[in-house]
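What's counted below: heavy atoms across the whole structure, side chains too, no hydrogens, waters or symmetry copies. Positions are given from 1 along the sequence.
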Amino acid sequence: MTPYVYVENDMPTSVPDRTTENTGMKFWRKGLTGSDFDHEQTLPNFIDRAIQYIHTQANEDNPFYLYLPLPAPHTPILPVKEYQGKSGLNPYGDFVLMVDDLVGKIMEALEEAGIAENTLLVFTSDNGCSPTADVPDLESKGHYPSYIYRGYKADLFDGGHRIPCVVRWPAGFNIQQRNETICLTDFFATFASLTGYQLKENEGEDSFNLLPLLYKETSVSPREATVHHSIDGDFTIRKGKWKLLLSPSSGGWSFPQPEKDKELIKTLPPVQLYNMETDSEECHNVYTTHPEVVAELRSLLIRYIQEGRSTPGTPQANDGPEIWEELKKWM
């Protein structure tokens with residue numbers, strides 16, 4: 001988003017002195033650009049500064065916290081020359097390869113600084129692959145960015161919401177893999193518990209503490225159910241093996257699209273229910289054969305909205321009255 005500038009200590013590091021724009025996979029919006037800002041070098045710059053920070057902080061007595069939101073592999077898709085053509089796919093594949101390598105450099109910095117053993121490292125994403133990656137091209141070369149799952153970024157389907165989530169803390173956790181549904185919101189309560197902070201009633205209302213799961217004190221996620229929604233504002237709720245979509249469409253950019261496929265959508269069932277254990281590809285809508293599950297999940301979502309939270313605690317005020325009005329039709 002414009003203006004394209006770096007911000008350090010709440011101040012831009014340069015004054016915009018030109019306008020830039022690009023299209024295609026390198027897409028960025030036309031706008032003012034700082035004199036020291038190079039779109040192609042944004043990701044390497046962030047990584048370099050993170051590495052410097054790690055080495056500096058490793059020499060201090062106090063723990064440190066580094067939040068590094070990578071501008072990749074989001075658009076603009078800008079693999080630098082070193083990675084171009086290396087994936088054997090397309091620029092998006094090269095960009096993902098670049099991300100993997102640069103995250104590796106962060107891990108190397110922790111090793112070099114001698115603090116890898118007692119550093120909690122989290123690597124994750126915020127959504128599934130975007131169609132901007134030219135999915136048909138990737139699939140024609142044997143690469144399926146959503147694996148077996150349906151849909152992509154912006155959708156209600158799992159391809160839009162299943163993400164990589166890797167947690168490494170050799171001195172703290174000894175885990176290999178957990179096959180439980182969690183949500184990025186859960187890190188709030190997890191880190192609060194880890195540092196001894198007591199959440200207030202109006203903090204982290206949808207955040208569950210994952211420490212028992214990470215410490216192997218339990219094999220079951222503390223999360224009762226998970227709510228997410230699409231770019232169009234449609235909601236879905238999952239509990240256990242069941243996933244209810246309160247929409248006849250993808251709610252996003254995959255078929256059937258809310259706007260593009262309007263006429264077809266009029267002929268589709270108003271809700272979708274999938275058994276994610278036997279139908280993880282979300283191909284068989286079983287809402288007619290399991291009306292009790294539809295009713296249970298719908299009621300649970302309504303309770304979360306009415307109480308303003310999905311965790312135990314005092315009910316809280318809820319945001320988004322327009323969303324509540326939209327969901328009233330499912331009551």
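- For the atom pair CG of Asp279 and CG of Asn285, the computed distance is 9.5 Å after rounding to the nearest 0.5 Å.
- A side-chain hydrogen bond (donor to acceptor under 3.5 Å, both in side chains) with Trp28 is found for one member of Thr33, Asn22, Thr20, Thr2 and no other, namely Thr20.
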Inset, instruction - Show your reasoning for whether ring pair (Phe, Tyr, Trp, His ring centres under 6.0 Å) applies to His55 and Tyr53. - result: CA-CA 6 Å; His55 283 290; Tyr53 182 79; over 10 Å; no
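- Closest non-hydrogen pair, Gly34 versus Ser14, comes out as CA-OG, 3.4 Å.
- Here the side chain of Thr218 pairs no donor or acceptor atom with the backbone of Pro212 at under 3.5 angstrom.
- Tyr147 and Glu281 are not linked by any side-chain donor-acceptor pair at a separation below 3.5 angstrom, with hydrogens and angles left out of the test.
- Clustering ILVMFWY residues whenever any of their side-chain heavy atoms sit less than 4.5 angstrom apart, transitively, puts Leu301 in the very cluster that holds Leu273.
- Note on Phe46 and Phe64: same hydrophobic cluster, where clusters join Ile, Leu, Val, Met, Phe, Trp and Tyr whose side-chain heavy atoms are under 4.5 Å apart, directly or indirectly.
- Note that CG of Leu156 is 6.5 Å distant from OG of Ser249, once rounded to the nearest 0.5 Å.
- Side-chain atoms of His161 come within 3.5 Å of backbone atoms of Asp155 as a donor-acceptor pair (strictly under, hydrogens ignored).
- Minimum heavy-atom separation, Thr75 to Met25: CG2-O, 4.2 Å.
- Asp134 and Asn90 are not linked by any side-chain donor-acceptor pair at a separation below 3.5 angstrom, with hydrogens and angles left out of the test.
- Both Ile77 and Tyr4 are part of a single hydrophobic cluster, where members link through side-chain heavy atoms under 4.5 Å apart.
- Between Asn118 and Ala171, the shortest heavy-atom contact is OD1-CB, 3.5 Å.
- Going from atom CZ of Phe235 over to atom OG of Ser247 covers 12.0 Å, rounded to the nearest 0.5 Å.
- To the nearest 0.5 Å, atom CD1 of residue Ile163 and atom SG of residue Cys183 are 7.5 Å apart.
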Inset, instruction - Begin from the C-alpha positions of Asp158 and Arg150 and carry the test side-chain contact (heavy atoms from CB on, under 4.5 Å) through to its verdict. - result: CA-CA 6 Å; Asp158 260 32; Arg150 183 178 179 182; over 6 Å; no
Inset, instruction - Begin from the C-alpha positions of Tyr215 and Phe173 and carry the test ring pair (Phe, Tyr, Trp, His ring centres under 6.0 Å) through to its verdict. - result: CA-CA 6 Å; Tyr215 280 133; Phe173 305 137; 5.2 Å; yes
Inset, instruction - Test Tyr6 against Met11 for side-chain contact (heavy atoms from CB on, under 4.5 Å), laying out the working first. - result: CA-CA 8 Å; Tyr6 291 117; Met11 290 293 292; over 6 Å; no
Inset, instruction - Show your reasoning for whether side-chain contact (heavy atoms from CB on, under 4.5 Å) applies to Thr124 and Val166. - result: CA-CA 6 Å; Thr124 187; Val166 181; over 6 Å; no
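- Between the side chain of Thr56 and the backbone N or O of Gln52 there is at least one donor-acceptor pair closer than 3.5 Å.
- With no hydrogens or angles considered, no side-chain donor-acceptor pair links Ser35 and Asp17 at under 3.5 Å.
- Under the 4.5 Å side-chain contact rule for hydrophobic residues, Trp169 and Phe187 share a cluster.
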Inset, instruction - Could you check Val271 against Leu245 for side-chain contact (heavy atoms from CB on, under 4.5 Å), going step by step and ending with a plain yes or no? - result: CA-CA 6 Å; Val271 298; Leu245 288 67; over 6 Å; no
Inset, instruction - Could you walk me through whether Arg223 and Asp186 pass salt bridge (charged side-chain N to carboxylate O under 4.0 Å, His left out), step by step? - result: CA-CA 9 Å; Arg223 172 170 286 279; Asp186 296 333; 2.5 Å; yes
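- Listed by first and then second residue, the ring pair (Phe, Tyr, Trp, His ring centres under 6.0 Å) pairs involving residues 272-296 are Trp242-His290 (not counting sequence neighbours).
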Inset, instruction - Take Tyr149 and Tyr144 through the ring pair (Phe, Tyr, Trp, His ring centres under 6.0 Å) test and state the conclusion after the steps. - result: CA-CA 9 Å; Tyr149 303 107; Tyr144 296 82; over 10 Å; no
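- Hydrophobic cluster membership for Tyr65: Tyr67 (Ile, Leu, Val, Met, Phe, Trp, Tyr linked by side-chain heavy atoms under 4.5 Å, directly or transitively).
- Looking only at atom types and distance, the side chain of Lys243 has no donor-acceptor partner in the side chain of His228 under 3.5 Å away.
- Val96 is connected to Leu68 through a chain of hydrophobic side-chain contacts under 4.5 Å among Ile, Leu, Val, Met, Phe, Trp and Tyr, so both are in one cluster.
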